[in-house]
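Accompanying notes for the structure given below.
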Amino acid sequence: MLSFINKHSAPLLMVAGIIGFIFSNVSKTVFPALPFILFFLMLFTLLGIKQEQLIKQLMRGSVWGYACLHSIGLTLKKKKKKKKLPRVSYGCSKPPHPYSLLLPL
């Protein structure tokens, strides 16, 4: 069972997310246990990684350089300015309902 979860943890996580969106009431009841579920999914994922290769990769400076550059880039990312739409006067205090503009007169 552990090897099955280890091998298929990413697709199972995606399926669990989709099921959570579809059955939101069930999702609300499972939500308090979510930290434990995520902990064990990450634990199984880390157990499935080849530890020797991971340690060798973490010893390289280029990996840490990329990690720092990536985290700084995400932190300092510029926000796009939203274009302001021109104000339209409808001759009344409230604008019409958006769907009323689509209906034929």
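Numbers here are sequence positions counted from 1. Note that this is a predicted model, so its numbers are computed, not measured.
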Co-membership, hydrophobic cluster, residues Met59 and Leu54, 4.5 Å side-chain: no

Transitive ILVMFWY side-chain link Phe44 to Met42, under 4.5 Å: no

Nearest atoms (heavy-atom pairs only) where Leu58 meets Trp64: O-NE1, 2.6 Å

Distance in Å, Thr29 OG1 paired with Phe23 CZ, rounded so as to fall on 0.5 Å steps: 12.0 Å

In one Ile/Leu/Val/Met/Phe/Trp/Tyr side-chain cluster, 4.5 Å: Ile37, Ile22: yes

Under 3.5 Å: donor-acceptor pair, side chain of Ser24, backbone of Phe21: no

Sub-4.5 Å side-chain heavy-atom contact between Leu46 and Ile49: yes

Inter-residue atom distance Phe40.CZ - Leu47.CG, 0.5 Å rounding: 11.0 Å

From CD1 (Ile18) to CG (Leu13), nearest 0.5 Å: 10.5 Å

Plane angle bin for His8 and Phe4 - parallel if under 30°, tilted between 30 and 60°, otherwise perpendicular: tilted

